[in-house]
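The structure under discussion appears below in the form of structure tokens.
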Amino acid sequence: MTGMPPVGNGTTEPVVSNSAEHLQIDLHVHSTASDGTLRPAAVVTAAVEAGLDVIALTDHDTLAGWDEAFAACPPGMTVVPGLELSCVYSPSGQRPTSVHLLGYLVDPQHPGLVAELRRLQGERSRRGEKIVEKLVAAGYPITWRRVREFADGGSVGRPHVGRALVESGVVASVDEAFVELLSASGPFYVRKADVDAIAGVRLISAAGGVAVFAHPLAGRRGRVVDEAAISVLADAGLAGIEVDHPDHLPTESAQLRVLAVDLGLVPTGSSDFHGSNKVNRLGEHTTSPVAYRELIAGAWGSRPYVG
Ligand code: AMP
Ligand code: FE
Ligand code: FE
Ligand code: ZN
């Protein structure tokens, strides 16, 4: 196997504890490698302070934060290397729907994955620049250079444009920027060419990872897929669905909990922490140790980093 990240204490057992039932596990966390505001090392430190035992670093379309997170991982802490892959579910004759797939424990050197992530980085950069051009043409005083500075070499995303809008006094918060100016239904939105969701599940699996559908029914984020689509992705090899997420209403989580049982998918819970770019708190939702173990048992591309 290539690209196996180092394991701090030499064990391949990611969780060795007498009190496994009490482990606090948050499987969806962002850093400055994409649109979070804390560096990967600072995310790990914040997770320890929040009382978490396991976090997964899942930056958008990049693995760039892994090494820094591993290096910052203290004894007793586990960092699961992951990513959040930008996908689109687009069955013929139907409107395409944005889908985010969490991929855990992929081989960071898998050629197909590496190529796809490189393509997505280019897409993000070109599309970010186009959004800025549209905003500038409408008179908003921001620059692409400043947006790139906010992205700081990581995956460029709309939150970085949002920060430029906050800095120039157009809006009071990134959240407010998303209400109209950055909304997918607004006049300044530009699509990026995301990965076909079925191909995305297959790519994560081929790279030795396990795929989990992020915030599948979060209607407040925009249009979502139906249960039939989740079933199609399950057939393609999806391993789990994020049942508990800050953007899910209680009714949506309840529906997903039933669906996970029906489709034989692992139910996860997580915070989708983004530092100060979002209100989500680390550990706001968590994954049970049983679900965590079941999930990672299916992966062979890399291993959790045990500090
Ligand atoms: P992009 O990947 O560039 O299309 O940007 C989408 C990202 O923006 C999502 O992954 C979220 O992290 C973030 N986002 C979406 N809505 C909001 C919001 N209301 N406030 C802050 N960040 C948001
Ligand atoms: Fe994000
Ligand atoms: Fe997401
Ligand atoms: Zn996320």
Side-chain angles (χ1 to χ4, degrees), residues 14-15 20-29 52-56 58 78 80 82-89 91 97-106 195-273 280 282-301 304:
V15 177
E21 316 83 76
H22 305 303
L23 289 175
Q24 296 294 310
I25 303 167
D26 184 344
L27 293 181
H28 185 165
V29 168
L52 293 169
D53 303 287
V54 180
I55 61 161
T58 54
T78 297
V80 178
L83 81 162
E84 185 171 10
L85 192 64
S86 303
C87 297
V88 60
Y89 186 73
T97 304
S98 169
V99 163
H100 287 179
L101 290 180
L102 297 161
Y104 301 109
L105 300 168
V106 291
V195 185
D196 173 77
I198 296 171
V201 169
R202 293 191 179 135
L203 180 61
I204 289 167
S205 307
V210 284
V212 170
F213 195 153
H215 42 75
L217 296 184
R220 51 170 285 206
R221 300 176 69 105
R223 205 151 33 80
V224 295
V225 299
D226 57 15
E227 289 194 1
I230 300 176
S231 176
V232 168
L233 295 179
D235 288 343
L238 189 70
I241 47 179
E242 210 171 46
V243 167
D244 295 308
H245 183 281
D247 290 343
H248 283 153
L249 299 170
T251 48
E252 292 165 344
S253 293
Q255 185 184 346
L256 286 163
R257 212 175 301 284
V258 172
L259 195 62
V261 174
D262 288 351
L263 296 177
L265 297 168
V266 176
T268 70
S270 36
S271 68
D272 205 354
F273 177 71
N280 309 13
L282 271 170
E284 187 170 336
H285 294 284
T286 54
T287 297
S288 77
V290 170
Y292 171 62
R293 279 205 211 82
E294 192 182 344
L295 190 63
I296 65 172
W300 48 265

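Small disclaimer: the values here were computed from a predicted structure and weren't measured.
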**Request:** Evaluate the side-chain proximity of Leu233 to Val225: yes if any heavy-atom separation is below 4.5 Å, no if none is.
**Result:** no

**Message:** Strictly distance-based, threshold 3.5 Å: is any side-chain N or O of Ser253 a donor or acceptor partner for the main-chain N or O of Val243?
**Reply:** yes

**Request:** Would you mind reporting whether Pro267 and Leu256 have side-chain heavy atoms less than 4.5 Å apart?
**Result:** no

**Message:** Quick check against the 3.5 Å criterion: does Ser271 have a side-chain atom that pairs as donor or acceptor with the backbone of His285?
**Reply:** no

**Message:** My understanding is that only residues two or more places apart in sequence, or in another chain, count here; which of them pass side chain to side chain donor-acceptor pair (under 3.5 Å) with Glu294?
**Reply:** none

**Message:** Side chains of Thr287 and Val266, heavy atoms from C-beta outward: is any pair under 4.5 Å?
**Reply:** no

**Item:** Sequence-distant partners of His248, side chain to side chain donor-acceptor pair (under 3.5 Å), two or more places apart
**Value:** none

**Message:** Keeping Tyr292 on the side-chain end and Leu23 on the backbone end, is there a donor-acceptor pair under 3.5 Å?
**Reply:** no

**Item:** Minimum side-chain heavy-atom gap Ser86-Val195 below 4.5 Å
**Value:** no

**Prompt:** Can you check whether His245 reaches Arg221 side chain to side chain, under 4.5 Å on heavy atoms?
**Reply:** yes

**Prompt:** Does the Asp26 side chain pair with the main chain of Ile55, one donor and one acceptor, at a distance under 3.5 Å?
**Reply:** no

**Prompt:** Does Ser205 reach the main-chain N or O of Val201 with its side chain, forming a donor-acceptor pair under 3.5 Å?
**Reply:** yes

**Asked** Any side-chain heavy atom of Val232 within less than 4.5 Å of one from Tyr89?
**Response** yes

**Request:** Only counting residues at least two apart or in another chain, list the ones meeting side-chain contact (heavy atoms from CB on, under 4.5 Å) with Ala214.
**Result:** His28, Glu84, His100, Leu102, Glu242

**Asked** Where do Ile230 and Pro216 come nearest, in terms of heavy atoms and distance?
**Response** CD1-CB, 4.0 Å

**Message:** Within the structure provided, determine whether Leu263 and Ile241 are in side-chain contact (heavy-atom separation under 4.5 Å).
**Reply:** no

**Request:** Indicate the atoms forming the closest heavy-atom contact of Leu238 with Ala211, along with that distance.
**Result:** CD1-O, 3.5 Å

**Request:** Take Leu27 and Val212 through the side-chain contact (heavy atoms from CB on, under 4.5 Å) test and state the conclusion after the steps.
**Result:** CA-CA 10 Å; Leu27 293 181; Val212 170; over 6 Å; no

